[in-house]
K.L.:
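Please see the structure below; I have some questions.
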Amino acid sequence: CTVAATGAPATVTVVAPAGRQVRAVPRDLTGLLDTSGSMGGEPLAQAKRVALALVASLDENDTVHLVEFSSRPRAFREGPSFATPETKRAASAWLASLVASGGTEMRDGIERALSDVRPGRAAQVVLVTDGLIGFEQEIVTAILRQNVHGARVHTVGVGSAVNRSLLGPAARAGRGIEIVCGLGEDTEPLVARLLARTDAPVVTG
């Protein structure tokens, strides 16, 4: 940040404390999964593995919210739920039941996910998709306009022809990271990279 004291600007650097003794800020995680027809087969299987790993990383002080979209968005539950063992089991079963079909109304999915974000929380939205749509700028604009509570929006591309023209700008608009997972690629190291940016936040705002 910049502080104007006596007419001269000053730069203040905030460094997160080191060590695991620091209590992490509870986080609100929203997994936003593309289940349109182009995600059939291995892309959806990869998307499920990513989402399952994210759910498994939560503790009971965190919340989980899952939204899938194809021709329309559909949520696991109406809003975020505390990540109790029972909720995590139910969320994992819901993810396992997803099938790919229909069109790709991604903007509706993004707007649903961002509208459920609560203010004053360490909110993270992880979009998992092959990105095979047009109107990329429309999606980026939706993130910029609808993200009123400052959630971090990360993008994970899966499949053989991931649309980097969408995933990169969308992640930058959401101040998140972009990860791409090719067909047959091991998702574990990629998920570890994602968790390194989402797990155990210590500062918000």
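Quantities reported herein were computed from a predicted structural model and do not represent experimental measurements.
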K.L.:
Apply salt bridge (Lys or Arg N to Asp or Glu O under 4.0 Å) to E86 and list each qualifying residue two or more places apart in sequence or on a separate chain.
P.N.:
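Expected list: R89.
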K.L.:
Go through the structure and list residues passing salt bridge (Lys or Arg N to Asp or Glu O under 4.0 Å) with R152, not counting sequence neighbours.
P.N.:
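With neighbours one apart ignored, the set is empty.
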K.L.:
List for me each residue that meets side-chain hydrogen bond (donor to acceptor under 3.5 Å, both in side chains) alongside N147, sequence neighbours excluded, and say none if there are none.
P.N.:
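Scan of N147 (side-chain hydrogen bond (donor to acceptor under 3.5 Å, both in side chains), adjacent residues dropped) gives none.
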K.L.:
Give a yes or no on whether a salt bridge exists between D108 and R112, defined as a side-chain N under 4.0 angstrom from a carboxylate O.
P.N.:
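No, D108 and R112 are not salt-bridged.
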K.L.:
L52: what forms a side-chain contact (heavy atoms from CB on, under 4.5 Å) with it, not counting sequence neighbours?
P.N.:
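Only S92, L95 meet the side-chain contact (heavy atoms from CB on, under 4.5 Å) criterion with L52.
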K.L.:
Could you tell me which residues satisfy side-chain contact (heavy atoms from CB on, under 4.5 Å) with S71, sequence neighbours excluded, listed by chain and number?
P.N.:
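Once residues adjacent in sequence are excluded, S71 has no partner under the side-chain contact (heavy atoms from CB on, under 4.5 Å) criterion.
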K.L.:
Can you list everything that forms a salt bridge (Lys or Arg N to Asp or Glu O under 4.0 Å) with E138? Sequence neighbours excluded, please.
P.N.:
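R107.
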K.L.:
What is the minimum heavy-atom distance between L58 and K88, and which atoms define it?
P.N.:
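Shortest heavy-atom contact: O-NZ, 2.7 Å.
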K.L.:
Output a table of donor-acceptor pairs, distance under 3.5 Å, between side-chain atoms of residues 72-80 and any protein atom two or more places apart or on a different chain; print 'none' if there are none.
P.N.:
residue: R74; atom: NE; partner: E68; partner atom: OE2; Å: 2.7
residue: R74; atom: NH2; partner: E68; partner atom: OE2; Å: 2.9
residue: R77; atom: NH1; partner: S81; partner atom: OG; Å: 3.4
residue: R77; atom: NH1; partner: T87; partner atom: OG1; Å: 3.3

K.L.:
With a cut-off of 3.5 Å and sequence neighbours excluded, list every side-chain donor-acceptor pair involving residues 125-134.
P.N.:
residue: T129; atom: OG1; partner: D34; partner atom: OD2; Å: 2.7
residue: T129; atom: OG1; partner: G131; partner atom: N; Å: 2.8
residue: D130; atom: OD1; partner: L132; partner atom: N; Å: 3.1
residue: D130; atom: OD2; partner: S38; partner atom: OG; Å: 2.7

K.L.:
Would you please name every residue forming a side-chain hydrogen bond (donor to acceptor under 3.5 Å, both in side chains) with R145, sequence neighbours left out?
P.N.:
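By the side-chain hydrogen bond (donor to acceptor under 3.5 Å, both in side chains) rule, R145 matches no residue at all.
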K.L.:
Test of understanding: with salt bridge (Lys or Arg N to Asp or Glu O under 4.0 Å), list the residues that count as partners of E185, not counting sequence neighbours.
P.N.:
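E185: no salt bridge (Lys or Arg N to Asp or Glu O under 4.0 Å) contacts found.
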K.L.:
Measuring only between side-chain heavy atoms, which start at C-beta, is L29 closer than 4.5 Å to T63?
P.N.:
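Heavy-atom side-chain distance check fails, nothing below 4.5 Å.
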K.L.:
Just to verify, what does A45 make a side-chain contact (heavy atoms from CB on, under 4.5 Å) with, not counting sequence neighbours?
P.N.:
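With neighbours one apart ignored, the set is E42, R49.
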K.L.:
Which residue pairs pass the side-chain hydrogen bond (donor to acceptor under 3.5 Å, both in side chains) test when at least one of the two sits in residues 154-169, sequence neighbours left out?
P.N.:
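Found E136-N163, R164-E178.
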